Amino acid sequence: MKCQRFLSVPIIAVFLLLGFVYYITIFIFIKDWAGLQTSAGLLNALIFTLLLCLCVFSFSVAVAADPGHVPSAYVPDVEDDSGGASSDQELKKAAERRQCDKCSAYKPPRAHHCKVCRRCVLRMDHHCLWINNCVGHWNYKAFFLLVFYATSGSIYSMVMIITSAFHKNWDLDGRVPLKTFY
């Protein structure tokens with residue numbers, strides 16, 4: 001079941017995009033700017049590789065982890081209140097409102113039914129197409145780290161590319177080099 005989540009077009013596209021950005025940053029721009037044999041080039045390549053590995057790991061965890069499901073035996077706590085009949089009716093109405101229409105089961109606060117996953121998810125944030133999974137109670141941290149590492153890696157790659165572009169005096173002479181295209 002978990003391996004099937006990895007077999008979708010958006011997830012394969014993310015892995016291909018990560019590989020493309022890694023190749024361009026390391027083997028085109030850092031290699032041209034500082035060289036991979038120098039300490040500066042090697043350090044930048046290692047830092048970017050670490051960011052990419054952390055991004056891929058958190059991406060894999062966000063895809064594979066269960067976002068959290070409502071237990072089938074869940075029943076909300078309804079305490080008896082001897083304050084009157086009106087409070088009993090209010091508690092019963094509140095318990096009825098927390099019942100999922102699709103699952104026909106009770107759900108705790110902040111649990112929502114996902115139309116794509118066809119189940120109620122604890123602390124559901126949203127269903128993310130790019131991880132082919134809901135972002136919920138158990139994979140929220142992995143999703144947050146994925147966004148953080150992807151943003152950090154993108155900024156680092158952009159800085160390396162801009163630094164490489166300013167470092168070299170590219171004389172175009174009427175032709176467009178492959179690096180400008182990238």
Side-chain angles (χ1 to χ4, degrees), residues 1-30 44-76 94-165 178-182:
M1 176 75 177
K2 290 184 180 183
C3 292
Q4 290 177 349
R5 287 187 188 159
F6 285 96
L7 298 176
S8 70
V9 173
I11 291 177
I12 293 170
V14 167
F15 279 120
L16 290 174
L17 181 66
L18 286 173
F20 179 73
V21 170
Y22 182 77
Y23 176 78
I24 295 300
T25 303
I26 299 291
F27 297 110
I28 302 291
F29 288 101
I30 292 180
N44 285 314
L46 287 175
I47 290 172
F48 187 70
T49 302
L50 176 68
L51 285 173
L52 185 83
C53 288
L54 290 171
C55 183
V56 167
F57 178 74
S58 58
F59 179 73
S60 299
V61 170
V63 170
D66 181 35
H69 63 282
V70 179
S72 59
Y74 174 76
V75 177
E96 288 174 0
R97 279 185 268 160
R98 286 196 227 140
Q99 189 169 9
C100 180
D101 296 333
K102 315 280 190 299
C103 298
S104 299
Y106 293 109
K107 60 182 180 179
R110 291 198 60 207
H112 299 287
H113 188 85
C114 178
K115 294 177 185 177
V116 179
C117 298
R118 297 185 196 124
R119 66 180 180 150
C120 288
V121 178
L122 290 174
R123 291 181 54 200
M124 180 178 172
D125 190 75
H126 67 285
H127 183 87
C128 184
L129 173 74
W130 298 107
I131 65 169
N132 196 23
N133 201 0
C134 287
V135 178
H137 181 70
W138 295 111
N139 66 350
Y140 189 81
K141 179 182 177 182
F143 183 77
F144 180 78
L145 288 174
L146 165 66
V147 171
F148 175 74
Y149 291 134
T151 303
S152 301
S154 297
I155 290 171
Y156 195 81
S157 176
M158 182 182 67
V159 167
M160 291 296 105
I161 290 171
I162 290 173
T163 303
S164 174
L178 189 58
K179 289 185 182 165
T180 306
F181 174 72
Y182 284 136

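Just so you know, residue 1 is the first one in the sequence shown, and it goes up from there. None of the values given here were measured: they were computed from a predicted structure.
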Determine the minimum heavy-atom distance between K115 and R118, stating which atoms define it. O-CG, 3.6 Å
I12 CD1 to L17 CG distance, which is reported to the nearest 0.5 Å: 13.5 Å
In this structure, is the centre-to-centre distance between the rings of Y149 and F59 below 6.0 Å? no
pair N139-D66: side-chain heavy atoms closer than 4.5 Å: no
With sequence neighbours excluded, residues passing ring-ring contact (aromatic ring centres under 6.0 Å, His included) with F148: none
Decide side chain to side chain contact (heavy atoms under 4.5 Å, CB included) for V56 and F15; before the verdict, give the C-alpha distance in whole Å, the side-chain angles of both, and the deciding distance to 0.1 Å. CA-CA 8 Å; V56 167; F15 279 120; 4.0 Å; yes
Using 0.5 Å steps for rounding, measure from the CG atom of L122 to the SG atom of C134. 11.0 Å
May I ask you to test the N133-P67 pair for a side-chain heavy-atom distance under 4.5 Å? yes
Hey, could you give me the CD1/OG distance between I47 and S152, rounded to the nearest 0.5 Å? 12.0 Å
Find out whether S58 and F144 are in side-chain contact, i.e. whether some heavy atom of one side chain is under 4.5 Å from a heavy atom of the other. no
Nearest 0.5 angstrom please: I161 CD1 to Y156 OH, how far? 12.0 Å
Before giving the answer on side chain to side chain contact (heavy atoms under 4.5 Å, CB included), spell out for F29 and N44 the whole-Å C-alpha distance, their side-chain angles and the decisive distance to 0.1 Å. CA-CA 11 Å; F29 288 101; N44 285 314; over 6 Å; no
Just so I know, are the side chains of L52 and L18 near enough to count as touching, which here means a heavy-atom distance under 4.5 Å? yes
Exercise: identify the closest heavy-atom pair between A62 and I131: O-CD1, 3.8 Å
How close do K107 and H113 get, counting heavy atoms only, and between which atoms? NZ-N, 4.4 Å
Please find the pair of heavy atoms, one from V21 and one from S157, that lie closest to each other, and give the distance. CG1-OG, 4.0 Å
I need the minimum non-hydrogen distance between C114 and V121, along with the two atoms involved. CB-CG2, 4.4 Å
Reported CE-to-OG1 distance for the pair M160 and T25, which is rounded to 0.5 angstrom: 9.5 Å
Using a cut-off of 6.0 Å, state whether more than 12 heavy atoms not belonging to Y140 lie near its atom OH. no
Spatial distance of atom NE2 (H112) from atom SG (C120) [nearest 0.5 Å]: 9.5 Å
Would you indicate whether the side-chain heavy atoms of Y22 and T49 approach each other to under 4.5 Å? yes
If you look at every heavy atom in C128 and V135, which pair is closest and at what distance? CB-CG2, 4.2 Å
